[in-house]
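Below, read A as the first sequence line, B as the second, and so on, with proteins coming before strands; counting in each chain starts at 1.
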There are 2 protein chains.
Amino acid sequence: MNIADQTFPAVDNANEDRAQAIRDQLRDAIVDRRLAPGTKLSEGEVGILFDVSRTVARAALQMLSFEGLVRTERNRGAFVANPSPEEARQVFASRRLIEPGIAIAAAGRMTPAHVVAFKAQLDEEGRFIAERGPSARRSEIKASGDFHLLLASVAGNLILQRFMEELVARSSLVIALYGRSGVSSCGHSEHMNILEALENGNSERASALMLHHIDHIEADLDLRVRSGPALRQALEF
Amino acid sequence: MNIADQTFPAVDNANEDRAQAIRDQLRDAIVDRRLAPGTKLSEGEVGILFDVSRTVARAALQMLSFEGLVRTERNRGAFVANPSPEEARQVFASRRLIEPGIAIAAAGRMTPAHVVAFKAQLDEEGRFIAERGPSARRSEIKASGDFHLLLASVAGNLILQRFMEELVARSSLVIALYGRSGVSSCGHSEHMNILEALENGNSERASALMLHHIDHIEADLDLRVRSGPALRQALEF
DNA sequence: TCAGGAAAGATTGCATACGATTTTTGCGAG
DNA sequence: CTCGCAAAAATCGTATGCAATCTTTCCTGA
């Protein structure tokens, strides 16, 4: 897949940092799997696509590299990350450690406004599950991640929120790579159960449900190495 | 304080990424408080100090900005971060969430070689506590952080390890800003207790000790806003 | 004396240029 | 036809230049 096959909406937010806007667009594309793992992201090409110089494109790629969504090799360039099974396990181990705590924190800070936001989120999530087609499936993965990001924002810790943004993005990559079935509908109901616990201020229950939810997501992955690890690495695919 | 008042060892590691080497040096300087919070880090000055162009200096500053050690404002430049009390609380809340889990993971992976490394680390830590003078005190803060980083590396999760690197660095800043006494000697004995639990494979105890340890560190801070928050912000100090 | 504002200076944001390194292409030998 | 190697093309790393923005200085008028 060539990055040039894709078109990106123009970056109108010229006032704000352009590199950041490009990073956001690329991140969405990576998380949605419009850009496949291993895809080369050359500075020049990114620059042309977004109509900026290589300087700005490079800054955006550097940001993605920090988030672990892009792997850069000196003098070779940037590539969409291709997480190994081990890396995938570490992503989920990190989430198991952090997200139950986030759920507890969020349970203590829920307001009616938050509940409304969660309901809207879950509605949208449900819509994408009902729809068919690859586009809906991409949106579904994204919406599922948004639930966790919303929870992190309610928890009110900006540092943990940023960690979660990284973990959710990397999880999406992992699910795209190693996901087996549509566990998502199951995940949707788990999200609803978590929200219910949050609404009732039952932080212990929310935390426990979250832990199981993460376990279920990981359990749906097939993390066996396929066709020899070295080969895949060598082929960058 | 002017950044030019400091001198930095030359970056000899020319083969590797120069921006990264500069970032490491600057990070050490920030964590050691050789660069005070609020200090301006102008691209040009950094470039001259390290004998690189602004391009490279800028990349290093961008990295530090991602780690939260530097705050950048558009068209104004980069400044050594000046964490607010609220930010400080979030740093420690994050550590309370993450580090007990790291301790558990590490307890299950301790090898004799790890024990040796920890003992060497604690020895060094003790030496700095015995010494007097501001230089030893800086080294002491750094060594204390290194204990936690060593633990994170033993835990074997690269993602969490990177999170901890960020949290420890930011903690050092916070302690330098809001620290009250030399709780460090107390912290040193707590480190030793944690190591003992790790050696015995007593993960529950290591985890609990770690939690208390973090609580103790935070309890030693004076997080009341001083002389009005707005004023300090406005003065960037 | 002090406030207001314009001009000078400094610094950043970004584009571009050039050498260095890597990758691809092309060609000849086996 | 394939392999190996050299030249060409592409791409990266970095320095530098210019316009835009911010900061400081200094002058003027009250």
Side-chain angles (χ1 to χ4, degrees), chain A residues 1-5 8 10-26 35 38-66 70-81 233-237, chain B residues 1-5 8 10-26 35 38-66 70-81 233-237:
Chain A
M1 182 194 297
N2 191 314
I3 184 181
D5 297 344
F8 294 99
V11 177
D12 53 343
N13 207 343
N15 185 336
E16 220 182 280
D17 210 344
R18 289 192 284 170
Q20 210 158 311
I22 293 172
R23 175 201 61 176
D24 291 343
Q25 298 237 289
L26 285 178
L35 289 170
T39 305
K40 168 132 203 220
L41 300 171
S42 96
E43 296 173 355
E45 219 164 349
V46 172
I48 291 169
L49 271 171
F50 289 98
D51 197 40
V52 296
S53 74
R54 277 205 311 128
T55 307
V56 177
R58 188 184 176 81
L61 291 172
Q62 194 190 359
M63 293 191 230
L64 290 169
S65 165
F66 279 119
V70 150
R71 166 179 46 92
T72 60
E73 293 176 29
R74 184 175 176 90
N75 277 321
R76 290 205 354 105
F79 305 82
V80 177
Q233 291 283 50
L235 297 173
E236 291 184 343
F237 200 79
Chain B
M1 183 195 295
N2 191 314
I3 183 182
D5 297 345
F8 294 98
V11 177
D12 53 344
N13 208 342
N15 186 335
E16 223 182 280
D17 210 344
R18 290 193 285 171
Q20 209 158 310
I22 293 172
R23 176 201 60 177
D24 291 343
Q25 300 239 302
L26 285 178
L35 290 171
T39 305
K40 168 136 203 214
L41 299 172
S42 97
E43 296 173 358
E45 219 163 352
V46 172
I48 290 170
L49 272 172
F50 289 97
D51 197 40
V52 295
S53 74
R54 282 206 305 127
T55 307
V56 177
R58 191 185 176 83
L61 291 172
Q62 194 190 358
M63 293 191 229
L64 289 168
S65 165
F66 279 119
V70 151
R71 165 180 45 91
T72 60
E73 293 176 30
R74 184 175 176 89
N75 278 323
R76 288 201 1 99
F79 304 84
V80 177
Q233 292 284 51
L235 295 173
E236 290 184 344
F237 201 82

Spacing of [X] atom [atom1] relative to [N] atom [atom2], expressed in whole Å:
| X | N | atom1 | atom2 | result |
| --- | --- | --- | --- | --- |
| B:R74 | C:dT11 | CZ | P | 18 Å |
| A:E43 | C:dA15 | CD | P | 13 Å |
| A:D51 | C:dC14 | CG | C1' | 12 Å |
| B:R76 | C:dT11 | CZ | P | 13 Å |
| A:E73 | D:dG13 | CD | C1' | 15 Å |
| B:N75 | C:dG13 | CG | P | 6 Å |
| B:L41 | C:dT12 | CG | C1' | 14 Å |

Flag the pair [X] / [Y] as yes when at least one side-chain heavy-atom distance between them is below 4.5 Å, and no otherwise.
| X | Y | answer |
| --- | --- | --- |
| B:Q62 | B:R23 | no |
| A:V70 | A:L26 | no |
| B:K40 | B:R76 | no |

- Quick one, which residues of residues 54-64 of chain B touch DNA chain C with a heavy atom under 4.0 Å?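 Listed by number, they are B:R54, B:R58.
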- OP1 or OP2 of D:dC12 less than 4.0 angstrom from a side-chain nitrogen or oxygen of B:R18, does that happen here?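 Answer is no, no contact under 4.0 Å.
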- Query: Can you name the nearest heavy-atom pair linking A:A57 to A:G47, along with the distance?
  - Reply: CB-N, 3.7 Å
- Task: Let me know which of A:I22, A:D51, A:V46 forms a side-chain contact (heavy atoms from CB on, under 4.5 Å) with A:V56.
- Result: A:I22
- Message: Please report the interatomic distance CZ(B:R54) to CD1(B:I48), rounded to the nearest 0.5 Å.
- Response: 10.5 Å
